[in-house]
Amino acid sequence: MINTRRLLPLVAGLFFVNAAAADAKPIELQYQSIYAPAQTQTVEILKPWAESFAQKSNGDLIVHHFPVNAVVESTEMPHALQNGLLDISEHTGTGFPRETPHLYMMNMPFLIKNSRHGTAIAYKLYEEIPAFRKEVELYGNLLTFWSSASYALTSVKVPVRAPSDIKGRRVLIGVPSDAAVIETWGGVPVFVPPSDMYVGLQRGMGEMLYLPIPYQKGLRIMEVTRYITLLPATFMPVIMEINPDTLAALSDSQKKLLLDNTGRQLGETLAASLDKDVQDVMKLFADAGAETITLNDAQLDAFRDSMKSLVEGFWMKNLRDYGIKGDIKALIDQYYAIAASVPAPQ
C-alpha cells in the first residue's frame, strides 16, 4: 500500500518546481557588433549566430544582435561592455592605446598579410605574451579573435600606385592609429566617424579614404570614388568579449552553449569571410565603374620601405609613452618574429 503521508510532500515539491520552471524567464543578452547592417559578416555570420541561440536553447537564451552604433557609439563599445551597458561586444584594440598598447601593436605596418594570417597571429600572441593576454581580458572575457581584412585606399580624383600619389592630399581615416600611417606617406589624415565618411567624400572633406575593405562596402564608398588600391599595409585585431558579470549569471548549460558556439572556430570563419570579401568588394568597385589597382611586388616594397621610419620612430616613441616598459625594440622584433613563424594562407 502506498504511504500517502509520504507522497503528499513529494507531490507538493514537484508542483513548486514545475511552477518555478514555468515562471522562469529567458536570459536576454544585448550584443553590439562593429559591423554595419549590410556587411557580409553581419548578414551571413554574426546576426545568424546571435539568433541561433534562441532555437538551440529552446528559448532559454536569447541574444539580441545590434549593428554598429545602434546602442552606443563604436568608440564607446569597450567601456560600455566593461560597465554593463552591453553584454557582448567587439572592439579593435586600437582605440585606446594607453589602455591596450600590446593589442595596439598588431597595427604595426606589414606585420600581417591577410585576415586569416592575422587571426592566427592574434592567438599565438595571446598564448605567448602575458601582457597581450592581460589586455585582451581588460574589458571582458574573451569569446573569440579575428583580424580585420586588408585595408584599401580609395580615391576621388587620382589613382594611387606609390606613396607620392598621396602626398599633400586629405585622407579620411576611421581610427586615430591610422594617422601616423597617412602622415608617413605624406598625406593629411582627417579623422571622421565611419558613418560620416560617405558624405565626407561627397562634400570634399577628404580626397581619399583609408579603411578596411569590408567597411567600405557597408558604407557604399564605391558610389563616391573613382579608384581603389588594395593596400595590405596595416590590419587591426578584432576581439569579441562578454561582460564577466553577464557570463557569471548564466546557468552552466547556457554558458556551455555560448562558449561551444564561439571560440576560435567562429573567429576563423569570420577571417575567411573577410578575405573572400576583399576580392568580392574589389569586383563591386569595378562593377560601379571604379578603377581597381592591385600593387605589384616593387610597388608594395616602395610602401613597405616608406614605413620603416614609422616603426623606428613613431612606434618606438609612442609605445614608451603608452606605458610599455623594458626593451621596446626587442618586443617589436618579437611580434614580427611571431608573425613570420605563422604560415600565411593564400
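Note that these values count all heavy atoms, side chains included, but never hydrogens, waters or copies made by symmetry.
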Geometric cation-pi criterion, Arg264 with Phe145: 6.0 Å, 45°: no

Inter-residue atom distance Ile239.CD1 - Met106.CE, 0.5 Å rounding: 8.0 Å

Co-membership, hydrophobic cluster, residues Met108 and Leu310, 4.5 Å side-chain: yes

Least distance between heavy atoms, Gly140 atom then Pro244 atom: CA-CD, 4.0 Å

Fellow cluster residues of Ile62, listed by chain then number, with links counted only when side-chain atoms sit under 4.5 Å apart: none

Flag if over 12 foreign heavy atoms under 6.0 Å of CD, Glu137: yes

Shortest non-hydrogen separation from Leu257 to Ser57 and the atoms involved: CD2-CB, 3.7 Å

Donor-acceptor side-chain pairing of Thr42 and Gln39 below 3.5 angstrom: no

Side-chain H-bond candidate by donor/acceptor type, Gln82 with Asn243, under 3.5 Å: no

hydrophobic_cluster_shared for Ile293 and Ile182, side chain cutoff 4.5 Å: yes

Whether Arg133 side chain and Tyr126 backbone form a donor-acceptor pair below 3.5 Å: yes

Rounded distance [0.5 Å steps], CE in Met236 versus OG in Ser115: 10.5 Å

Any donor-acceptor N/O pair, Gln30 side chain to His64 backbone, under 3.5 Å: no

Under the ring-ring contact (aromatic ring centres under 6.0 Å, His included) test, residues paired with Tyr31 that sit two or more places apart: Trp49, His65

Residues that Val190 engages under side-chain contact (heavy atoms from CB on, under 4.5 Å), provided they are two or more places apart: Arg170, Leu172, Val192

Distance-only polar pair, side chains of Gln41 and Ser273, donor-acceptor under 3.5 Å: yes

Partner residues of Trp185 under the ring-ring contact (aromatic ring centres under 6.0 Å, His included) criterion, sequence neighbours left out: Tyr210, Phe303

Arg320 side chain vs Gly326 backbone, donor-acceptor pair below 3.5 Å: yes

Nearest-0.5 Å distance, CG of residue Leu231 to CD of residue Gln299: 10.5 Å

Charged tip of Arg304 within 45° of Phe110 ring normal and under 6.0 Å: yes

Closest approach of His117 to Pro343 (non-hydrogen atoms, all atoms of both residues): CD2-O, 3.6 Å

Modelled atom types, side-chain donor and acceptor of Thr119 and Glu268, under 3.5 Å: no

Validation row: Tyr336, Val311 side chains within 4.5 angstrom (heavy atoms): yes

Between Asp277 and Thr40, a side-chain donor and acceptor under 3.5 Å: yes

NZ/NE/NH1/NH2 to OD/OE distance under 4.0 Å, Asp333 and Lys329: yes

Donor-acceptor contact present, side-chain Ser33 to main-chain Tyr35, <3.5 Å: yes

Ser89 side, atom OG; Glu241 side, atom CD - distance, nearest 0.5 Å: 8.0 Å

Side-chain donor or acceptor of Arg98 paired with backbone N/O of Asp321 under 3.5 Å: yes

Donor on one side chain, acceptor on other, His102 and Glu135, under 3.5 Å: yes

Any donor-acceptor pair under 3.5 Å from Gln202 side chain to Val224 backbone: no

Where at least one partner belongs to residues 26-50, residue pairs that pass salt bridge (charged side-chain N to carboxylate O under 4.0 Å, His left out), sequence neighbours excluded: Lys47-Glu51

Test item: Asn114 side-chain N/O and Ser150 main-chain N/O as donor-acceptor pair under 3.5 Å: no

Ring centroid separation Tyr123 to Trp146 under 6.0 Å: no

Salt bridge flag under 4.0 Å for residues Lys134 and Glu99: no

Rounded distance (nearest 0.5 Å) linking atom CD1 of Ile45 with atom CG of Leu270: 4.5 Å

Any donor-acceptor pair under 3.5 Å from Thr184 side chain to Ala180 backbone: yes

Ile221 versus Thr154, closest heavy-atom pair with distance: CG2-OG1, 3.9 Å

Rounded distance (nearest 0.5 Å) linking atom OH of Tyr322 with atom NZ of Lys317: 8.5 Å

Min side-chain heavy-atom separation Met240-Leu266 under 4.5 Å: yes

Set of residues satisfying ring-ring contact (aromatic ring centres under 6.0 Å, His included) with respect to Tyr139, sequence neighbours excluded: His79, His91

Verdict with supporting geometry, Glu207 and Arg226, salt bridge (charged side-chain N to carboxylate O under 4.0 Å, His left out): CA-CA 11 Å; Glu207 304 163 71; Arg226 295 173 56 196; over 6 Å; no

Polar side-chain atom of Asp165 near backbone of Ala162 as donor-acceptor pair, under 3.5 Å: yes

Qualifying residue, where the test is side-chain contact (heavy atoms from CB on, under 4.5 Å) with Ile242 and the options are Ile88, Leu259, Leu142, Thr262: Ile88

Donor-acceptor contact present, side-chain Gln254 to main-chain Asp60, <3.5 Å: yes

Ser147 side chain reached by Pro237 side chain, heavy atoms, under 4.5 Å: no

Ion pair check, Glu127 and Lys124, cut-off under 4.0 Å: no

Residue pair Pro67 / Ala36: nearest heavy atoms and the distance that separates them: CB-C, 4.3 Å

CG/Asp327: more than 12 non-hydrogen atoms of other groups inside 6.0 Å: yes

